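Structure first, then comments.
These numbers come from the heavy atoms of this one structure, side chains and all, not from hydrogens, waters or symmetry mates. Given the structure is predicted, the values throughout are model-derived calculations rather than measurements.
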Amino acid sequence: MMHRKPVFAANWKMNHGPTDARAFMHRFLALTPRQQDRTTIFFPSALTFATVAEAVKERLDLMIGVQNVHQEPQGAFTGENSVLMARDAGARVVLVGHSERRHVFGESDETTAKKCALVAEARLIPMLCVGETLEEREAGATASVVERQLSAGIAGLDDQQVGAMMIAYEPVWAIGTGRTATPEDASDIHGVIRQLLVARLDVRPAAGIPILYGGSVNRGNAPILLAASDVDGLLVGGASLDPDGWSSIVRS
Ligand code: PGA
């Protein structure tokens, strides 16, 4: 199997304005030496993006992305941000289909698919999030939900664009709840995702796509989850908000 660099992604959600972010980055950079063997990504709010971009500009091991973009390329969409604006601001990655977008804001598979295609066309990396609700898990539907979300997300992309994506498996019941999937559960679903990517792309290109786990990751469970087979990185919300804790996770 191809070697994949581990990916550590901080999803700050609606936390950290520019003032907090400046203090965070000052402390984080002091604690975190350059690491060529892994990729660290920050997803700050759009209002905080420039502050974080400025802080990481000399650090090639640190990437920056946006938490969401609109599904249309431009137009009269008050309050929204477009893919091209994200690229112009220096974003390299875009979170697409995060559980909160799907379940709090009602984003459909169709909308998520449009966003993935726009992001890929702009030559940014879509980090497509998939994951089942507790109800779906209890009904034994985990694999089918994840397959549906993934198939929809990649349907409009060509093989090269799919090969350049990142995927995050985030069980909805594990996000912000303190309940984490076991490393075995994560490996199982990551295996399902990998098989689907193999079916679409073939073994070698599919092997290069990082599949991250997310949902109540913290500095205690991070090394255990990362050690699980087919877990190539971590997407972290709450535990990425404190610079000391986040630095310790990205160095694990
Ligand atoms: P959490 O969030 O780490 O706070 O559970 C993860 C996410 O939603 O990306």
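Sorted by first and then second residue, the pairs that involve residues 23-32 and meet side chain to side chain donor-acceptor pair (under 3.5 Å), not counting sequence neighbours, are Arg27-Asp244, Thr32-Ser247.
For the atom pair CZ (Arg87) and CD (Glu121), the distance works out to 10.5 Å, reported to the nearest 0.5 Å.
A pairwise comparison of heavy atoms in Ala168 and Leu235 identifies CB-CD2, 3.8 Å as the closest pair. Across all non-hydrogen atoms, the minimal contact from Ala174 to Ser216 is O-OG, 2.7 Å. When every heavy atom of Thr48 is checked against every heavy atom of Trp12, the shortest pair comes out as CG2-CZ3, 4.4 Å. Contact detail for Arg102 and Cys129: the closest heavy-atom pair is NH2-O, 2.8 Å. Closest heavy-atom contact between Leu31 and Pro243: CD1-O, 4.0 Å.
Hydrophobic clustering, with ILVMFWY side chains joined whenever heavy atoms are under 4.5 angstrom apart, keeps Leu128 apart from Val145.
Taking a 6.0 Å sphere around CZ of Arg123, one finds it holds 12 or fewer heavy atoms contributed by other residues, nucleotides or ligands. Within 6.0 Å of CD in Glu72 there are more than 12 heavy atoms belonging to other residues, nucleotides or ligands. By the neighbour-count criterion of 12 heavy atoms within 6.0 Å, atom CZ of Arg92 is sparsely surrounded, having that number or fewer from other residues, nucleotides or ligands.
When atom types are taken as modelled, the side chain of Tyr213 and the backbone of Ala181 share a donor-acceptor pair closer than 3.5 angstrom. Here the side chain of Glu170 pairs no donor or acceptor atom with the backbone of Gly131 at under 3.5 angstrom.
Here Trp173 pairs with nothing under the ring pair (Phe, Tyr, Trp, His ring centres under 6.0 Å) rule; sequence neighbours left out. Residues that satisfy the side chain to side chain donor-acceptor pair (under 3.5 Å) test with Ser187, not counting sequence neighbours, are absent from this structure.
Note: Phe8 and Trp246 have perpendicular aromatic rings, judged against thresholds of 30 and 60 degrees for the angle between ring planes.
No salt bridge links Lys5 with Asp37; every basic N to acidic carboxylate O contact stays at or beyond 4.0 Å.
Of the options Lys115, His98, Glu100, a side chain to side chain donor-acceptor pair (under 3.5 Å) to Asn68 is made by Lys115 and by none of the others.
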